[in-house]
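Scope of the values below: all heavy atoms of this structure, side chains included, with no hydrogens, waters or symmetry mates. In the text below, chain A, chain B and the rest are named by the order of the sequence lines, each starting its count at 1.
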2 protein chains.
Amino acid sequence: MPLSHSLEKNGREPAYIRICNSLKDRIAEGVYVSGDRLPSESELCRLHKVSPMTIRRSIRILLDQGIVTTVQGSGTFVRAPHLNQVTFSLKEFFDIFKDEKRTQVKLMDVCITKADDMVSARLQIEPGQRVILLQRLILRDGDPVIYHREFLVYDPARPVIEADLEITTLYGLFEGRGQAFLKRGEMTVEAMVLDPELAGHLNTQPLLPAFRLEHLFYDFDDHPVSWGRFICRGDVLRFKATVGFGISGQKENHP
Amino acid sequence: MPLSHSLEKNGREPAYIRICNSLKDRIAEGVYVSGDRLPSESELCRLHKVSPMTIRRSIRILLDQGIVTTVQGSGTFVRAPHLNQVTFSLKEFFDIFKDEKRTQVKLMDVCITKADDMVSARLQIEPGQRVILLQRLILRDGDPVIYHREFLVYDPARPVIEADLEITTLYGLFEGRGQAFLKRGEMTVEAMVLDPELAGHLNTQPLLPAFRLEHLFYDFDDHPVSWGRFICRGDVLRFKATVGFGISGQKENHP
DNA sequence: TTGACAAAGTTATCTATATAACTTTATAGA
DNA sequence: TCTATAAAGTTATATAGATAACTTTGTCAA
């Protein structure tokens, strides 16, 4: 399966894409290996008979993809492949919330309580201050697959509560149109084993594997507003990743 | 009228970065919300008193970061935030291999065996064909934390075996200098519970939580060469992620 | 041999303009 | 009213340079 880009795409392929893929191919084939210096930009201009800006655009793409590094005044160098940039997507996790036909969200409990030490530390509030405790159950085809326990800062001035109580809002908070009140979040994934209580919530056996996704969401003032944990049955969730150089092909857009 | 653009404005900050952050800030502040059209490029040129190419570069960064979408002939629009692009880094996992002072790799067993149905399917070879079975134990400070079981295609023509038997090579395969023979890989993370056998390997108790990282590595001809699983004690590994818009700041380079 | 310095080469940023492809909107004609 | 077309506006690609900042290397003098 050869990899010539020139013939494909009936020649309507932009020059910067063609040159970018050409360089990628040479790297993948081992013509240039890790640490090698690529031809200088002016050299590439002459080689491909294009203007400097076009070459720079090709180099920029390789730079963004982490395939090369550039050193001002020195040159452009092939980078070693980088396994530590492997990332796992949470797409499958959030797809559970998106699929409204199969997914139900059941509100188990809402109450106002006082923040203990852990909650107050996470939400950066005083211990004993009032917080909202939400407990939800996410059902897929009627079966509980995720248990969610979340603490929200209690602020009567902010219309967070009503919006957040909306059962399908969990996904809509970030994904929905209009102005979301959350700016960013941090999440952590850990492996765990279901204890009897959680197993009861999830209507399954204890001692089964599960993921614990801890989350901390911030508002636009960088104040924490929500801390909690998703407990996901291990048999309904997995994370996938791809690592390594793509030989060529796709544009660098986000379609 | 030359110069006077980049130098003074904000401490040598390039114009395209300044404009990019300015737009990001407006989006984060809610001046532009999801679905809104940004001012056209020519408009932004007049506003910021720069040339079209500079504006395009700013827009390109927002595009690459998934903050806006562009529609040729129509405009540039603010995208909804996108939780499904949340990713978890495997950096911590591979850092275990990188830290040579604390980490030892113990080769438990090497043998040549015949591929069963599952192995032959993964490695795209005939059932019964010979494969190399490797079993390793990764020790941290003397304690076993990861158990690795890997099947390699047996190809006398390729000097894979010796290189791969190198105990520290697991990390070096991708990260090392020179020409690596692996082009890309796929990995999957699952939650699991240690059975007595695995617990014995890892010198810990059964029924404890663990991660199972299944991997499939391909060579430069897109043929699978390695399939296997890492079993990681759940108490030594966790994955972290950040989601949401950054207000501004960093350049988009890979330093 | 060493150090200072100049020169050449390289990437980084930016200008100003041009053409093409595409979308939206306004307009004229039936 | 409806349709076809034109016009204007937008992004996409590309040219052909310019200046600045930085690195490497070579040369010359002490």
Side-chain angles (χ1 to χ4, degrees), chain A residues 5 9-23 32 35-64 66-79 250-255, chain B residues 1-23 32 35-64 67-79 250-255:
Chain A
H5 309 282
K9 285 289 181 183
N10 55 41
R12 214 174 294 179
E13 196 180 37
Y16 74 95
I17 294 282
R18 178 171 38 83
I19 294 165
C20 176
N21 286 333
S22 158
L23 289 169
Y32 303 122
D36 283 3
R37 215 200 70 182
L38 293 186
S40 77
E41 300 185 353
S42 54
E43 222 165 330
L44 289 170
C45 287
R46 288 196 301 275
L47 279 169
H48 293 91
K49 298 185 171 63
V50 293
S51 72
M53 283 298 281
T54 303
I55 289 294
R56 275 213 65 75
R57 187 162 180 186
S58 302
I59 301 284
R60 157 73 45 182
I61 291 170
L62 298 179
L63 188 65
D64 286 343
I67 294 173
V68 301
T69 51
T70 55
V71 181
Q72 183 178 140
S74 179
T76 302
F77 302 89
V78 178
R79 267 184 69 162
Q250 76 285 355
K251 300 178 71 165
E252 82 287 6
N253 284 0
H254 302 255
Chain B
M1 77 152 89
L3 64 106
S4 86
H5 291 291
S6 49
L7 358 163
E8 300 84 4
K9 271 295 183 184
N10 231 338
R12 299 201 315 270
E13 192 182 41
Y16 73 94
I17 294 281
R18 178 170 37 84
I19 294 165
C20 176
N21 285 334
S22 157
L23 288 168
Y32 303 123
D36 282 3
R37 216 201 70 182
L38 294 185
S40 76
E41 299 186 353
S42 55
E43 223 166 329
L44 289 170
C45 287
R46 288 196 301 274
L47 279 169
H48 293 90
K49 297 186 171 60
V50 294
S51 75
M53 284 298 284
T54 304
I55 290 294
R56 276 212 67 74
R57 188 162 180 186
S58 303
I59 300 284
R60 157 72 46 181
I61 291 169
L62 297 180
L63 188 64
D64 286 343
I67 295 174
V68 301
T69 51
T70 56
V71 181
Q72 184 175 17
S74 179
T76 302
F77 302 89
V78 178
R79 268 183 68 164
Q250 76 286 355
K251 300 177 70 165
E252 83 287 8
N253 284 1
H254 302 254

TODO: Among residues two or more places apart or on two chains, list those pairs meeting salt bridge (charged side-chain N to carboxylate O under 4.0 Å, His left out) that have a residue in residues 46-56 of chain A.
DONE: A:E41-A:R56

Task: Closest approach of B:V68 to B:L63 (non-hydrogen atoms, all atoms of both residues) - done: O-CD1, 3.4 Å

Open item on the list: What is the separation between atom CD1 on A:I61 and atom P on D:dT13, rounded to the nearest whole Å?
Closed with: 9 Å

Open item on the list: Rounded to whole Å, please give me the gap between CD1 in A:I55 and P in C:dT13.
Closed with: 17 Å

- [ ] Could you list the residues that satisfy side-chain hydrogen bond (donor to acceptor under 3.5 Å, both in side chains) with B:S42, not counting sequence neighbours?
- [x] B:S40

- [ ] Please name all residues satisfying side-chain contact (heavy atoms from CB on, under 4.5 Å) with A:P39, sequence neighbours left out, ordered by chain then number.
- [x] A:Y32, A:E43, A:L44

- [ ] Would you mind reading off the distance between A:E41 atom CD and C:dT13 atom C1', rounded to a whole angstrom?
- [x] 11 Å

Task: Any A:R56 side-chain N or O less than 4.0 Å from OP1/OP2 of C:dT11 - done: no

TODO: For B:L62 and D:dT11, give me the distance from atom CG to atom C1', rounded to whole Å.
DONE: 15 Å

Name the pairs: protein N/O against N/O of nucleotides 22-25 of chain D, kept only if under 3.5 Å.
residue	atom	partner	partner atom	Å
D:dC22	O4'	A:Q72	OE1	3.1
D:dT23	O4'	A:G73	O	3.2

TODO: Please check the phosphate of D:dT10 (OP1 and OP2 only) for any side-chain N or O of B:T70 closer than 4.0 Å.
DONE: no

Open item on the list: Under 4.0 Å from OP1 or OP2 of D:dA12: is there any side-chain N or O of B:R60 that close?
Closed with: no

TODO: Please check the phosphate of D:dG9 (OP1 and OP2 only) for any side-chain N or O of B:S42 closer than 4.0 Å.
DONE: no

Tabulate protein N/O versus nucleotide N/O from nucleotides 14-16 of chain D, keeping only pairs under 3.5 Å, one per line.
residue	atom	partner	partner atom	Å
D:dA14	OP1	A:A15	N	2.4
D:dA14	OP2	A:A15	N	3.4
D:dA14	OP2	A:Y16	N	3.4
D:dT15	OP2	A:S51	N	2.9
D:dT15	OP2	A:S51	OG	3.1
D:dT15	OP2	A:T54	OG1	2.8

TODO: Whole angstrom is fine here: how far is it from CD in B:E43 over to C1' in D:dT10?
DONE: 11 Å

